[in-house]
Amino acid sequence: MLLKLIRNGLGYIVIAIDLLTRPRKMKRAAEEQAQVDQATKNLKLYQFNGCPFCIKTRRVIHKLNLNIELRDAANNPAYRAELEQSGGKIQVPCLKITDDNGSVQWMYESSAIAEYLEQRFAGKLQPAGQS
Ligand SMILES: N[C@@H](CCC(=O)N[C@@H](CS)C(=O)NCC(=O)O)C(=O)O
């Protein structure tokens, strides 16, 4: 009970620091942003709100100006079950990547996810299979 309170409290503090220190959003021409928005429809981030590794990943998403759907695997039982059964384990953040052929990859580890997003979206747009 006390532990949960401390953990939630710390989570809120980290969320507040994140909001106060967010990096500047990358800007793209409208047409390029539309292509990026189309590409990110195939990405879903399974995450917890107060998890520091998820906050780190959400900062990268914010900085790269990506519209990636966030799926709350702490409070949504369907997302939690999907993460465990299809991803393989309950660990967040996890990025579900669906390529143009419909095959799915579950990417764990915040550093791997950040690297993938940077490679694919920081410069010229890369297709799903290229990074
Ligand atoms: N090395 C991992 C660590 C991720 C991690 O420890 N996530 C915690 C939440 S902060 C987790 O998923 N714990 C499983 C659970 O709470 O059930 C990363 O960088 O993504």
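As the structure lists them, so they are numbered: ligands from 1, and atoms in each ligand from 1. All values below were derived from every heavy atom in this structure, side-chain atoms included, with hydrogens, water molecules and symmetry-related copies excluded.
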* Drop me the distance from Arg22's CZ to Arg58's CZ, to the nearest 0.5 angstrom. => 7.0 Å

* Under-4.0 Å protein heavy-atom contact, atom 6 (O) of ligand 1 -> yes

* Atoms of ligand 1, numbered as shown, that sit under 4.0 Å from any heavy atom of Ile90 -> 14 (C), 17 (O)

* Asked: Less than 3.5 Å between some nitrogen or oxygen of Ser110 and one of ligand 1, yes or no?
  -> yes

* Considering only protein heavy atoms, which is closest to atom 15 (C) of ligand 1, and at what distance to one decimal place? -> Phe48 CE1, 4.0 Å

* Asked: Counting each atom of ligand 1 from 1 as listed, which ones have a heavy atom of Pro93 under 4.0 Å away?
  -> 20 (O)

* Asked: Do Met26 and Phe121 touch side chain to side chain, with heavy atoms closer than 4.5 Å?
  -> no

* Can Phe53 and Phe48 be said to form a side-chain contact (heavy atoms from CB on, under 4.5 Å), step by step? -> CA-CA 9 Å; Phe53 304 97; Phe48 298 167; over 6 Å; no

* Flag Pro52 as yes when one of its N or O atoms lies below 3.5 Å from any N or O atom of ligand 1, and as no otherwise. => no

* To do: For atom 10 (S) of ligand 1, grab the closest protein heavy atom and report residue, atom and distance to one decimal in Å.
  => Cys51 SG, 2.9 Å

* For atom 4 (C) of ligand 1, the protein heavy atom that lies nearest, with its residue and separation -> Val92 O, 3.2 Å

* To do: Would you mind checking which non-hydrogen protein atom is closest to atom 1 (N) of ligand 1, with the distance to 0.1 Å?
  => Glu109 OE1, 2.7 Å

* **Test side chain to side chain contact (heavy atoms under 4.5 Å, CB included) applied to Ala81 - qualifying residues, sequence neighbours left out** => Gln85

* Do the rings of Tyr46 and Trp106 sit parallel, tilted or perpendicular, given the 30° and 60° boundaries? -> tilted

* Measure the OG-NZ distance between Ser86 and Lys96 for me, rounded to the nearest 0.5 Å. => 7.0 Å

* **ligand 1 N/O within reach of Lys56 N/O, cut-off under 3.5 Å** => no

* Structure fact -> CZ (Arg120) and CG (Leu43) are apart, to the nearest 0.5 Å, by 5.5 Å

